[in-house]
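Residues: numbered from 1 along the sequence shown.
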Amino acid sequence: MDLVPAFLMHKIPVGQWARVLVNYLTDNFHEQFRLFSEGLDWMIQGVVFLLNAIPPLILIAGVMALGFWLHRKVRLAVGIGLALLLILNLGYWEQTIETIALVLYATLISSVIGVPLGIAAAHRPWLFTLLRPILDLMQTIPTFVYLIPTLMLFGLGMVPGLISTVIFAIPAPIRLTHLGISGVPTHLIDAGKAFGASRMQLLFKVELPHAMPNIMAGLNQCIMLSLSMVVIAALVGADGLGKPVVRALNSVNIAQGIEAGLAIVIVAIVLDRLLKQPGNVSE
């Protein structure tokens with residue numbers, strides 16, 4: 001330590017700066033954050049209420065029909081039905097609905113923000129250079145760290161879990177949208193320009209159709225990352241399948257932990273199979 005220059009021995013107060021910022025936001029915008037939290041929570045609970053209002057067997061049949069309509073595979077539809085019936089049999093149907101609502105909102109918010117950002121970054125290399133370290137930070141920082149400021153700003157409930165999930169999941173659609181748009185062959189762009197296409201026409205008729213597999217892969221990854229945050233979000237009061245997992249951990253209840261974990265896996269598999277590009281779902 002004697003060889004280290006004296007100025008390097010002085011700790012940079014990064015944590016103190018973050019605390020000052022969060023305290024400033026909490027002190028000056030407490031009501032605005034809580035109003036936003038209540039509104040977002042009302043929207044999430046509205047989706048949960050609507051899904052719970054549908055009898056489980058009818059909802060399962062609807063998901064099976066959706067799977068068959070998207071992929072035209074009877075085995076896929078039957079497999080989805082049996083998987084959801086297993087969740088119903090295990091007694092985790094209401095928690096599954098809450099988890100799906102949380103994942104849907106997290107994916108919607110991440111896609112609405114992430115896809116346009118990915119398109120803009122593909123067209124402006126300087127923007128992607130600026131975004132890359134931020135995306136690396138969002139994906140690699142321990143997820144528990146997100147919970148501290150979101151809990152202080154938004155309070156207990158679904159909203160801090162949702163915000164933390166969005167922060168963790170949004171890099172996927174940004175990166176894969178950027179990859180898809182950047183990978184459009186130059187000759188396709190040149191052909192579109194030769195036919196007099198405007199920038200918006202090039203985007204919607206050339207770039208987005210070519211990049212759609214990458215964008216859908218980003219959406220799929222976003223859903224999987226959101227599901228991976230379910231248990232962590234439960235630590236700040238978010239409802240869903242994370243709560244029984246946390247209870248099982250606290251009480252060392254192996255049976256409950258395995259059942260709730262199996263339900264999370266089933267939800268992940270069902271959503272993954274539904275969102276696969278037609279023709280890519282294995283037999």
Working to the nearest 0.5 Å, report the span between OG1 of T26 and CG of L153. 4.5 Å

Identify the two heavy atoms, one from V159 and one from S37, that lie closest to each other, and give their separation to 0.1 Å. CG2-O, 3.1 Å

Distance-only, no hydrogens or angles: does the N220 side chain make a donor-acceptor pair with backbone N or O of M216 under 3.5 Å? no

Verify the neighbour count for atom CD of Q45: are there more than 12 heavy atoms of other residues, nucleotides or ligands below 6.0 Å? yes

In terms of hydrophobic clustering (I, L, V, M, F, W, Y; side-chain heavy atoms under 4.5 Å; direct or indirect links), are L102 and I54 co-clustered? yes

Cluster link I60 to L86, ILVMFWY, side chain under 4.5 Å: yes

Quick one, L70 with L275, criterion side-chain contact (heavy atoms from CB on, under 4.5 Å). Give me CA distance, side-chain angles, the key distance, then yes/no. CA-CA 9 Å; L70 288 174; L275 289 172; over 6 Å; no

Do the non-hydrogen side-chain atoms of V267 and I87 ever get within less than 4.5 Å of each other? yes

Side chains of N52 and V48, heavy atoms from C-beta outward: is any pair under 4.5 Å? yes

Does R19 CZ have over 12 foreign heavy atoms under 6.0 Å away? no

Minimum heavy-atom separation for Q32 to N28, with atom names? OE1-O, 4.1 Å

Least distance between heavy atoms, L202 atom then K193 atom: CD1-CG, 3.8 Å

Could you give me the CA-CA distance, side-chain angles and deciding distance for L135 and R132, then say whether side-chain contact (heavy atoms from CB on, under 4.5 Å) is met? CA-CA 5 Å; L135 298 177; R132 184 183 297 170; 5.7 Å; no

Given side chains that start at C-beta, do those of I232 and M229 come closer than 4.5 Å, heavy atoms only? yes

Parallel, tilted or perpendicular: which describes the rings of H178 and F128, with under 30° parallel and over 60° perpendicular? parallel

Could you tell me whether a side-chain N or O of S110 sits under 3.5 Å from a main-chain N or O of T107, the two making a donor and an acceptor? no

Compare every heavy atom of A260 with every heavy atom of L241, then report the nearest pair and how far apart it is. O-CB, 4.2 Å

Does a donor on one side chain sit under 3.5 Å from an acceptor on the other, for S164 and T150? yes

Any carboxylate oxygen within less than 4.0 angstrom of a Lys/Arg side-chain nitrogen, looking at D41 and R34? no

Are the side chains of R199 and L203 in contact, using a 4.5 Å heavy-atom criterion? no

Heavy-atom pair of closest approach, residues S182 and A122: OG-CB, 3.6 Å

Answer with yes or no whether the hydrophobic clustering places L127 together with V115; edges join I, L, V, M, F, W, Y residues whose side-chain heavy atoms lie under 4.5 Å apart. yes

Would you indicate whether L85, at its atom CG, is surrounded by more than 12 heavy atoms from other residues, nucleotides or ligands within a distance under 6.0 Å? yes

pair S111-L219: side-chain heavy atoms closer than 4.5 Å: yes

With rounding to the nearest 0.5 angstrom, report the OH to OG1 distance, Y105 to T165. 14.5 Å

If every non-hydrogen atom of V74 is compared with every non-hydrogen atom of F68, which pair is closest and at what distance? CG2-CE1, 3.7 Å

Side chains of I174 and I113: does their closest heavy-atom pair fall under 4.5 Å? no

Verdict with supporting geometry, E98 and L51, side-chain contact (heavy atoms from CB on, under 4.5 Å): CA-CA 9 Å; E98 292 165 348; L51 291 176; over 6 Å; no

Could you please spell out the steps behind the side-chain contact (heavy atoms from CB on, under 4.5 Å) verdict for N214 and T177? CA-CA 6 Å; N214 290 86; T177 300; over 6 Å; no

